[in-house]
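Every chain is numbered from 1 and lettered A, B, ... according to where its sequence line falls, protein lines coming before strand lines. Bear in mind that the values here come from a model prediction, so they are computed numbers and not experimental data.
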Protein chains: 2
Amino acid sequence: MQIALVQMNVKSGKCEHNFEVLKNYVEKAKNDHADIVVFPEMCISGYMLQDQFLDHAFCEDVASYNERIKELSDGIGIIFGNLYYSPIENVERGRDGRKARFNASFFAYNKQWVKKENGLLDGIHIKHLNPDYRFFDDSRYFLSGIEVSNYLFQTMDGLISPFLFEHQDKTYRIGLEVCEDIWSFDYSVDVTSIYANQNVDFIVNVSTSPYTLNKEVSRNKQLKKHAQQLKEKMPMVFYLNACGMQNTGKNVVVFDGDSSVYDQQGDLVFSLNDEFNEEYKIFDFENMSIAQRCENKILSALTHAVYEFDAQVFPFQPKWIIGLSGGIDSCINAALLVKALGKDRITGYNLASKYNSDTTKGNARLLAERLDIEIREGSIEDINKASLDTLEAYGYKPPYHTLTEENIQARIRGHLLSTFASVENGVIVNNANKIEVALGYCTLYGDSIGAISPIGDLTKVQAFQVARDLNAYFEKEVISNSLIPEIVDGEIKWEMPPSAELKENQLDPMKWYYHDYILQKLLEYPTGNIEMFMESYLDGSIYQTEIGKWIMHYGLNEPEAFINDLEWLLRTFHNAVFKRIQMPPIVVLSRGAFGSDFRESQLGHIKTNQYEKLKEKILAM
Amino acid sequence: MQIALVQMNVKSGKCEHNFEVLKNYVEKAKNDHADIVVFPEMCISGYMLQDQFLDHAFCEDVASYNERIKELSDGIGIIFGNLYYSPIENVERGRDGRKARFNASFFAYNKQWVKKENGLLDGIHIKHLNPDYRFFDDSRYFLSGIEVSNYLFQTMDGLISPFLFEHQDKTYRIGLEVCEDIWSFDYSVDVTSIYANQNVDFIVNVSTSPYTLNKEVSRNKQLKKHAQQLKEKMPMVFYLNACGMQNTGKNVVVFDGDSSVYDQQGDLVFSLNDEFNEEYKIFDFENMSIAQRCENKILSALTHAVYEFDAQVFPFQPKWIIGLSGGIDSCINAALLVKALGKDRITGYNLASKYNSDTTKGNARLLAERLDIEIREGSIEDINKASLDTLEAYGYKPPYHTLTEENIQARIRGHLLSTFASVENGVIVNNANKIEVALGYCTLYGDSIGAISPIGDLTKVQAFQVARDLNAYFEKEVISNSLIPEIVDGEIKWEMPPSAELKENQLDPMKWYYHDYILQKLLEYPTGNIEMFMESYLDGSIYQTEIGKWIMHYGLNEPEAFINDLEWLLRTFHNAVFKRIQMPPIVVLSRGAFGSDFRESQLGHIKTNQYEKLKEKILAM
């Protein structure tokens with residue numbers, strides 16, 4: 001049995017394009033004498049489409065491809081994920097009152113839907129486990145197999161049954177799953193074990209599973225856990241994932257592929273690339289190979305996100321406009337844009353005020369030179385003066401609060417970049433990193449602007465590594481080493497510590513490494529919470545972790561200093577929600593990105609009882 | 001039996017405050033010798049908290065009030081909605097891997113949890129029907145009663161059983177529901193009929209049900225439908241709703257109260273105010289009364305939204321900053337702010353360019369005078385000149401595209417308002433209406449800015465009515481009648497048609513009344529779609545509706561003109577997603593508001609097959 005796995009780059013909303021791609025791969029698989037060819041979840045429409053799925057005519061189009069794909073299946077089994085949009089017996093409407101939609105995997109062979117052992121729903125497996133966390137909203141869009149089963153049989157799992165693939169005088173009994181179906185340990189139904197207990201020959205899981213750091217580790221564990229529970233009943237599992245980029249409005253989500261085959265011990269035995277690239281590869285039992293893992297995964301993710309976002313959202317090949325302050329974040333984004341889109345579509349702008357040092361201006365120029373991109377330099381002082389004059393003309397006499405003056409500068413930069421974009425018919429890149437986004441350390445309508453925030457989910461500490469990786473990629477010091485700190489004897493050594501350069505001798509108020517760590521912990525799915533961190537401070541166990549040394553470094557081993565800093569951090573974090581509401585789409589890298597992943601109401605910092613008690617105990621230390 | 005209904009103004013995240021309010025009402029109800037007192041869904045924490053519900057320590061706090069409320073129940077039954085946060089048998093984790101959370105109603109009496117007939121979960125009814133449409137994400141936060149029942153009994157409804165309220169030598173058998181439980185016709189379980197078939201004495205439904213226009217009509221129908229199906233088994237239903245405002249980040253959602261009692265025929269027999277106000281009222285069978293319905297409901301909703309948003313999100317009583325162009329939208333918002341917050345906290349700014357007519361400037365001044373608010377007037381020309389000079393200094397020589405010059409003006413206004421806000425420690429109101437938001441007829445970081453968009457879900461046509469209502473409220477022509485059109489013989493008559501005044505003789509490109517109608521149709525839950533509209537054009541039935549005359553008015557009865565306009569509208573609408581992603585929170589009024597109600601990926605306009613076919617047919621007419 002030869003199974004062709006197609007780790008397809010599915011383009012959101014481009015149904016006809018995706019179908020053509022699928023069709024070509026089916027041809028290829030036929031030529032290669034594959035027995036079955038597999039495509040990912042929602043491979044025709046894409047998966048993260050938000051309320052596009054509420055459009056009736058669109059859903060009819062998407063589902064109409066099911067028959068067209070079936071027609072391609074002469075001589076080859078085709079397993080693919082797509083929308084099912086016909087009533088299932090009396091289940092005509094979804095819980096939203098609209099015609100019911102189902103996220104499903106399909107199995108066609110010889111222009112027929114492959115029959116199932118229970119005789120129900122030939123050729124179709126409805127996704128049973130609907131994820132509704134992070135950026136997933138499956139229950140908003142799809143009725144689950146559990147719900148259908150509830151309706152039809154008053155059971156949870158009455159639909160699950162092996163597909164009978166009759167091929168070359170043998171009947172293969174195959175289980176189909178969709179994505180979350182294999183991540184069952186927090187659900188009432190375990191699709192994998194139901195198939196296993198029906199002794200299927202193997203399971204094919206079609207996914208569109210977003211990349212987040214170290215996801216493959218979780219997946220390998222998940223499969224191992226299934227194997228440990230199911231023992232000799234554990235079937236082989238073919239996990240076929242999409243690659244590419246899809247967007248949720250507030251987030252840009254990338255898919256690394258990393259399609260994997262697991263054996264009956266739950267061990268990984270075969271895989272496709274995890275470098276976000278489309279790939280076609282035939283699995284047979286004599287041809288096992290595990291793909292080499294991507295190095296510099298975060299940089300790959302970022303490159304892919306920018307490349308695909310540009311290609312899919314801005315098909316007119318716009319100029320990319322970037323403010324180049326000479327600081328590390330703008331340097332990273334400039335280098336990233338060049339890596340993803342080539343040097344000719346990038347223009348950097350240095351927007352200097354009297355507070356910008358010659359060094360940062362020089363850094364910006366040097367960066368542009370080394371990247372060989374256009375740079376335009378000038379001053380914001382004219383507009384700054386006009387702004388202050390106008391402010392006075394409106395009856396507001398100086399002196400002004402420093403922050404007012406800082407915000408004016410930042411907004412003038414936003415205004416100018418927008419104006420350049422308007423002249424160039426270009427789009428602006430946002431330079432904020434995750435810590436700035438978290439703390440609202442940016443001026444709304446100033447440096448908060450842009451069409452995409454590539455590193456808005458990257459901590460500053462992670463950014464240092466990406467900077468090093470970019471220099472390695474370009475094989476030169478594109479990003480000045482003076483911007484990248486070294487840790488020497490527990491001290492941060494850098495020539496140019498981060499500064500917004502909005503007033504004299506300004507330095508960012510962040511406690512690098514330490515705040516990076518807390519904010520990441522606070523947001524992380526599913527365990528993020530601050531009280532656990534406070535407990536580890538209280539019982540001293542924090543000093544056994546990497547962060548202990550930073551607590552010492554910043555003098556936060558002194559309890560009052562620790563609490564003062566923490567209160568500032570949490571207050572600042574929660575008060576910045578209003579800025580995040582209006583920020584550009586952020587590329588998701590972590591397990592807790594702002595946007596449609598980590599969703600926020602404006603509530604301010606709510607101090608829990610546990611927090612207050614821990615605070616009291618810490619202050620009494 | 002006397003039942004005290006407390007239509008409480010629940011404040012998001014303010015648990016201790018909400019508890020104090022509840023406690024006082026319990027005291028009051030005891031003094032009034034009520035037998036039972038009822039509070040709304042999630043009356044301690046609020047309901048629309050987004051991922052605040054993922055915070056473990058916060059959930060523990062919220063749930064800890066259950067015992068505290070139980071302790072208040074000596075001599076009185078207390079029914080209230082709150083979070084349940086203890087494992088139910090082996091259901092320890094939710095589908096998100098976190099400790100399971102449940103949205104529940106509780107029933108305490110004499111410091112005990114009221115027992116249920118089936119002996120399961122004393123005092124607690126888990127919400128069975130989880131809404132996951134519009135701004136609802138219940139499945140993201142809560143396990144439903146159906147899911148618990150699945151886990152425990154492999155049934156869907158094994159938990160539902162009457163509460164046995166033993167009071168004054170009689171046992172009342174009472175059904176408890178939470179909100180959506182009564183909106184069951186698109187779900188696999190009908191909680192109301194299960195209670196009815198168990199012959200309960202009555203049902204108490206606790207809700208936090210958002211206001212949208214004419215919701216009471218749907219609710220009355222819903223209850224009537226239950227009555228028709230259940231016939232003589234239909235019990236009385238006490239529907240108790242919250243009032244107030246809660247925010248989802250991207251939206252400001254208001255609750256009108258409108259708590260209602262329905263008799264065994266499903267007819268409304270008793271109600272509390274629907275004017276968004278907290279109210280305490282005792283129902284007894286001798287004391288039936290239906291509250292007078294709110295006039296000018298939309299204006300009430302807007303006032304309430306602004307008032308509560310200000311009070312809850314900005315408790316420091318900031319100045320409100322508003323750009324006063326003299327156009328109708330800014331006039332409405334200024335009047336609204338004064339109505340909601342009083343005149344002393346509002347400052348208007350006229351930000352004139354050479355394109356602004358004396359008439360609109362005069363209108364702005366007159367409005368400020370009539371509202372008795374501060375107005376500051378000045379010019380943006382200095383900054384405009386500096387901007388153009390700087391643009392040239394960056395190597396971009398004139399002439400510029402008109403749009404570039406228009407956007408510069410708009411962004412300077414955004415910049416100045418932000419600067420004023422910074423000096424005044426104030427917040428900015430966004431003036432966009434729904435049609436502008438839909439079509440992106442605004443400049444990002446220019447007139448798209450602000451802390452809240454009060455009328456971002458109000459069509460221009462609805463805005464005319466709100467303007468009239470505001471003039472009626474103030475008993476003078478606060479908003480110049482010259483801005484409000486009259487329809488005379490099918491023609492729109494107005495002295496001052498809407499204009500952005502960003503270039504000479506500019507008029508807005510919208511086809512008022514007609515575009516208002518289509519965009520509303522397109523977005524409306526649950527039926528919104530464009531193809532139905534095109535079909536009604538094709539078969540001529542459109543001319544039997546109110547919109548027919550506008551089609552004639554704009555010459556769109558000519559098929560090519562109709563299609564050209566429609567394509568422009570849809571393309572413009574879908575291309576504006578990137579702006580909406582970065583816009584301020586919008587107050588929800590309709591059944592399809594941009595933000596967390598109507599959610600959008602950046603996909604562009606996807607033309608469906610049905611659309612293409614209808615277009616072809618129309619062009620062949």
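At a 4.5 Å heavy-atom cutoff, the contact between A:Ser379 and chain B is made by backbone atoms alone. Heavy atoms closer than 4.5 Å to chain B are found in the side chain of A:Asn407, but not in its backbone. For chain B, the nearby part of A:Arg134 is the backbone; its heavy atoms alone come within less than 4.5 Å. Proximity to chain B (any heavy atom under 4.5 Å) is restricted, for A:Asp55, to the side chain, taken from C-beta onward. Heavy atoms closer than 4.5 Å to chain B are found nowhere in A:Ile428, neither backbone nor side chain. Of the atoms belonging to B:Leu152, not a single heavy atom falls under 4.5 Å from chain A. Residue contact with chain B, scored on non-hydrogen atoms closer than 4.5 Å, is absent for A:Phe578. Looking at A:Met532, there are no atoms closer than 4.5 Å to chain B (heavy atoms on both sides), in backbone or side chain. With a 4.5 angstrom heavy-atom cutoff, A:Glu377 touches chain B only via backbone atoms. Residue A:Asp597 touches chain B through its backbone alone, counting heavy-atom pairs closer than 4.5 Å. Residue A:Tyr525 touches chain B through both its backbone and its side chain, counting heavy-atom pairs closer than 4.5 Å. Using a 4.5 Å cut-off between heavy atoms, A:Asn90 does not touch chain B at all.
Side-chain atoms of A:Val423 and B:His401, non-hydrogen and from C-beta on, never get closer than 4.5 Å to each other. Between A:Arg95 and B:Asp132, some side-chain heavy-atom pair lies under the 4.5 Å cut-off. A 4.5 Å side-chain heavy-atom check between B:Leu603 and A:Leu49 finds at least one atom pair inside the cut-off. You'll find the side chain of B:His415 stays beyond 4.5 Å of the side chain of A:His415, heavy atoms only. Between A:Tyr187 and B:Asn150 the shortest side-chain heavy-atom distance does not fall below 4.5 Å. Annotation: side chain of A:Arg140 is not in contact with side chain of B:Pro131 (no heavy-atom distance under 4.5 Å).
Between B:Arg98 and A:Pro526, the shortest heavy-atom distance links the atoms NE-O, 2.9 Å. Contact between A:Gly13 and B:Ile606 at its shortest, heavy atoms only, is CA-CD1, 3.8 Å. Across all their heavy atoms, A:Ser387 and B:Ile383 have their closest contact at CA-CD1, 3.8 Å. The minimum heavy-atom distance between A:Glu60 and B:Gln610, with the atom names listed, is OE1-OE1, 4.1 Å. The nearest pair of heavy atoms linking A:Phe58 to B:Thr608 is N-CG2, 3.5 Å. Looking at every heavy atom in both residues, B:Gln602 comes nearest to A:Pro585 through NE2-CG, 4.0 Å.
Contacts with chain B were tallied for A:Gly414, A:Gly46, A:Gly94, A:Ser64; A:Gly94 has the most, counting heavy-atom pairs under 4.5 Å. Ranked by non-hydrogen atom pairs under 4.5 Å with chain A, the options B:His56, B:Lys250, B:Gln246 are led by B:Lys250. For the options A:Phe598, A:Tyr611, A:Phe420, heavy-atom pairs under 4.5 Å to chain B are most numerous at A:Phe420. Between chain A and the residues B:Lys14, B:Gln582, B:Met583, the most heavy-atom pairs under 4.5 angstrom are made by B:Gln582. Here B:Thr419 is the residue among B:Thr419, B:Asn529, B:Leu143 with the most heavy-atom pairs under 4.5 Å with chain A. Interface summary for chain A: among B:Asn130, B:Ile380, B:Val577, the most heavy-atom pairs under 4.5 angstrom belong to B:Asn130. Among B:Thr404, B:Asn247, B:Thr527, B:Asp96, the residue with the largest count of heavy-atom pairs under 4.5 Å with chain A is B:Asn247. Chosen from B:Val189, B:Ile581, B:Leu54, the residue pairing most often with chain A at heavy-atom distances under 4.5 Å is B:Ile581. Per-residue heavy-atom pair counts under 4.5 Å with chain B were compared for A:Ala421, A:Ala386, A:Ser601, and the maximum is reached by A:Ser601.
For the atom pair B:Leu403 CG and A:Ser422 OG, the distance stands at 6.0 Å (nearest 0.5 Å). Here the straight-line distance linking atom CG of B:Asp382 with atom CG of A:Asp389 works out to 6.5 Å at 0.5 Å rounding. Rounded to the nearest 0.5 angstrom, A:Thr390 OG1 and B:Glu381 CD are separated by 10.0 Å. Separating the CG atom in A:Leu391 from the CG atom in B:Leu416 is a distance of 8.0 Å, to the nearest 0.5 Å. A distance of 13.5 Å separates CG in B:Asp51 from OH in A:Tyr133, rounded to the nearest 0.5 Å. Here CE of A:Met156 is found 12.5 Å from CD1 of B:Ile146. Values are rounded to the nearest 0.5 Å.
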Check your understanding: After noting the C-alpha distance and the side-chain angles of B:Ser188 and A:Glu147, does the key distance pass the side-chain contact (heavy atoms from CB on, under 4.5 Å) rule?
Key -> CA-CA 8 Å; B:Ser188 55; A:Glu147 288 170 300; 5.8 Å; no

Point to revise | side-chain contact (heavy atoms from CB on, under 4.5 Å) between B:Leu351 and A:Tyr394, worked out | key: CA-CA 10 Å; B:Leu351 304 150; A:Tyr394 270 88; 3.3 Å; yes

Check your understanding: Please walk me through it: do B:Asp137 and A:Arg599 pass side-chain contact (heavy atoms from CB on, under 4.5 Å)?
Key -> CA-CA 11 Å; B:Asp137 288 300; A:Arg599 302 178 189 175; 3.9 Å; yes

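Cation-pi geometry between B:Arg376 and A:Tyr396 is satisfied (NZ or CZ under 6.0 Å from the ring centre, within 45° of the ring normal).
Between B:Asp186 and A:Arg93, at least one side-chain N (NZ, or NE/NH1/NH2) sits under 4.0 Å from a carboxylate O, which counts as a salt bridge.
In this structure a side-chain-to-backbone donor-acceptor pair under 3.5 Å is present from A:Asp61 to B:Asn609.
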